[in-house]
Amino acid sequence: MTDLVQVSDENGVRLIRMNRADKKNALNAPMYDAMADAIERAAAHRAIRCLMIAGAPGAFCAGNDLKDFQHAARHDGGLGEPVIRFLHALAGNEKPLVAAVQGVAVGIGTTMLLHCDYVVAGTDVRLSTPFVSLGLLPEAASSLLMPRLIGHRRAFALLVMGQPLDADAAKECGLVNAMAAPAEVDELAMAAALRIAQLPPDAVALSRQLMRGSPEEVHKRIEDEAEQFRIRLRSDEARAALDAFFARKK
Ligand code: COA
C-alpha cells in the first residue's frame with residue numbers, strides 16, 4: 001500500500017490520482033503497483049464503468065523515477081516488474097480510460113496517454129519524451145501507438161528528437177480531446193468520465209474493443225521495448241545522462 005496513489009470510486013467512475021507532487025509525480029515501484037492494482041481490480045466490478053487518471057496541479061507525471069533508472073543502470077536491471085505490470089494492465093484494460101493532464105507530462109506521463117480513450121489537457125500542459133537524450137528508447141508500446149496516432153514524422157520529432165508538445169500542438173495532432181484552464185481540467189475530465197459511465201456499458205465495451213482491436217500486438221511491443229530498454233540502461237550513454245540529471249543542482 002502507498003499513499004502516493006489515491007483511488008476512489010464514485011458514480012461509476014474510478015479515479016486514480018498520482019499523489020507525489022513534491023517529485024512532480026515521478027512514478028516509483030509502489031506507485032506502478034498501486035495503479036496496476038486499481039486498473040486490474042476494476043475489471044471485476046461491473047459498477048465501475050469508467051476509469052480516470054489524474055495528477056497534481058502543474059505535474060501530471062514527470063515520468064519514471066530517474067533514481068530507479070539510475071539504480072537499474074548500475075545493477076544491470078531493466079524497466080522493472082512493476083513498470084511492466086502497469087503497462088500490461090493499461091494494454092489489457094477493457095474499461096474506458098479518461099486522463100486529466102495538467103502541467104508536465106514526461107516519459108510515461110505522455111506515453112500512458114496512448115492507452116487512454118479521452119484526454120483533457122490544461123493550457124499549461126507540456127508533453128515530452130526525452131528517452132533518446134537519456135540514452136534510452138520509447139516504452140509503453142509508444143513506438144507502435146504514437147506513429148499510428150499522430151503519424152511517423154510527428155512521432156519521430158516527439159519520441160526521437162525529444163521535441164515537446166504544448167497543449168495546442170497536442171490537441172492539433174490528436175493526443176488531446178479538449179483543453180481547459182489548468183484549474184478546470186479535473187472537473188472537465190470528470191464530466192466526460194461521468195457521461196461515459198452513464199452510457200450502456202456493454203455497448204461501450206464492445207465499441208471500444210472493436211476500435212482498439214486485439215491488444216496482443218500492444219502486449220508484445222511492450223515486451224520487445226522492455227528487452228531493448230534493459231540493454232540501453234546498461235549503456236554508457238544512459239548512465240551518464242542519468243547521473244547528469246541528479247548532478248544538475250549541485
Ligand atoms: N525522477 C526522480 N525525481 C524527479 C523526477 C524524476 N523523473 N522528476 C522530477 N524529480 C524531482 C526532482 O529531482 C526534484 O527533487 P528535489 O526537490 O529533491 O531536488 C523535484 O522532483 C522537483 O523537480 P524540479 O526539477 O526541481 O522541478 P522543475 O519544475 O524545475 O522541473 C521537470 C520539472 C519535470 C521538467 C524536471 O524535474 C525533469 O526534467 N524531470 C525529469 C523528467 C524525466 O526525464 N523523466 C523520465 C523520462 S523517461
Side-chain angles (χ1 to χ4, degrees), residues 2-5 18-35 53-75 77-80 82-84 86-87 90 99 101-115 121-143 145-146 155-167 169-170 175 182 221-222 225-235 237-250:
T2 174
D3 58 2
L4 299 179
V5 173
M18 295 170 280
N19 181 38
R20 195 188 183 199
D22 61 322
K23 297 291 180 192
K24 306 277 173 182
N25 276 332
L27 296 178
N28 61 19
M31 293 171 79
Y32 283 115
D33 273 329
M35 292 200 290
I53 191 155
F60 176 65
C61 170
N64 200 89
D65 191 315
L66 290 175
K67 279 238 179 317
D68 292 347
F69 276 171
Q70 197 178 36
H71 185 268
R74 287 178 183 160
H75 297 88
L79 271 174
V83 180
I84 294 172
F86 171 63
L87 298 180
L90 280 177
V101 188
Q102 298 183 48
V104 289
V106 191
I108 197 165
T110 287
T111 57
M112 75 169 87
L113 302 179
L114 296 166
H115 300 271
T123 48
D124 63 340
V125 143
R126 186 179 162 90
L127 306 183
S128 63
T129 52
F131 298 112
V132 170
S133 52
L134 288 169
L136 301 169
L137 75 155
E139 34 62 310
S142 59
S143 62
L145 300 174
M146 192 69 83
F156 186 86
L158 180 67
L159 292 180
V160 179
M161 296 171 73
Q163 288 179 7
L165 296 176
D166 64 13
L175 269 163
R221 184 61 66 100
I222 288 168
E225 290 169 347
E227 200 179 311
Q228 295 300 325
F229 211 97
R230 171 183 286 275
I231 296 167
R232 290 303 311 163
L233 270 172
R234 294 174 195 174
S235 68
E237 290 173 353
R239 286 180 182 166
L242 292 166
D243 290 346
F245 176 74
F246 290 107
R248 76 199 186 290
K249 288 186 183 170
K250 286 178 187 158

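Note that ligands are numbered from 1 as they come in the structure, with each ligand's atoms numbered from 1 the same way.
- Summarising the local packing, CZ of Arg20 is surrounded by more than 12 heavy atoms from other residues, nucleotides or ligands at distances under 6.0 Å.
- For the residues Phe246, Phe229, Phe245, the heavy atom positioned nearest atom 37 (O) of ligand 1 is part of Phe245.
- Close contacts of ligand 1 with Asp22, meaning ligand atoms under 4.0 Å from a residue heavy atom, involve 20 (C), 21 (O), 22 (C).
- His115 places no side-chain N or O within 3.5 Å of a backbone atom of Ala141 that could act as its donor or acceptor partner.
- At a 4.0 Å heavy-atom cut-off, ligand 1 does not touch Thr129 at all.
- Closest heavy-atom approach to atom 9 (C) of ligand 1 among the candidates Lys67, Glu139, Lys23: Lys23.
- Leu127 has its side chain out of reach of Phe60: every pair of non-hydrogen atoms, C-beta onward, lies at least 4.5 Å apart.
- By the neighbour-count criterion of 12 heavy atoms within 6.0 Å, atom CZ of Phe156 is sparsely surrounded, having that number or fewer from other residues, nucleotides or ligands.
- Counting heavy atoms closer than 4.0 Å to ligand 1, residue Arg126 contributes nothing at all.
- When only non-hydrogen protein atoms are considered, atom 26 (O) of ligand 1 lies nearest to Lys249 NZ, 2.7 Å.
- For the side chain to side chain contact (heavy atoms under 4.5 Å, CB included) with Leu136, the lone residue among Glu237, Arg232, Glu225, Gln228 that qualifies is Arg232.
- By the criterion of a heavy-atom distance under 4.0 Å, the side chain of Leu134, and not its backbone, is placed next to ligand 1.
- With rounding to the nearest 0.5 Å, the separation of CG in Leu4 from CG in Asn25 is 9.0 Å.
- Without hydrogens or angle criteria, Ser128 side chain to Val106 main chain gives no donor-acceptor distance under 3.5 Å.
- Counting heavy atoms closer than 4.0 Å to ligand 1, residue Ala62 contributes atoms from both its backbone and its side chain.
- Checking atom 31 (O) of ligand 1 against the protein gives no heavy-atom contact under 4.0 Å.
- Of all protein heavy atoms, the one lying nearest to atom 46 (C) of ligand 1 is Leu66 CD2, 3.7 Å.
- Among Val106, Leu242, Asp65, the residue whose heavy atom sits closest to atom 43 (C) of ligand 1 is Val106.
- Put simply, the residue from Val101, Leu27, Leu87 that forms a side chain to side chain contact (heavy atoms under 4.5 Å, CB included) with Met112 is Leu27.
- Contacts between Ala59 and ligand 1, counted as non-hydrogen atom pairs separated by less than 4.0 Å, are absent for every part of the residue.
- Proximity to Phe131 (heavy-atom distance under 4.0 Å) selects the following atoms of ligand 1: 48 (S).
- Judged by distance alone, with hydrogens and angles left aside, the side-chain atoms of Arg239 form a donor-acceptor pair with the main-chain N or O of Ala73 at under 3.5 Å.
- The nearest protein atom to atom 5 (C) of ligand 1, hydrogens excluded, is given as Ala26 CB, 3.7 Å; this is a heavy-atom distance.
- Of all protein heavy atoms, the one lying nearest to atom 35 (C) of ligand 1 is Val104 CG1, 4.3 Å.
- At least one donor-acceptor pair closer than 3.5 Å links the side chain of Asn19 to the backbone N or O of Asp3.
- Per-residue contacts place Pro130 under 4.0 angstrom from the following atoms of ligand 1 (heavy atoms of the residue considered): 44 (O).
- Among Lys24, Gln70, Arg248, Arg20, the residue whose heavy atom lies closest to atom 25 (O) of ligand 1 is Arg248.
- Each of Phe229, Phe246, Phe245 was checked for a ring pair (Phe, Tyr, Trp, His ring centres under 6.0 Å) with Phe69, and the lone residue meeting it is Phe229.
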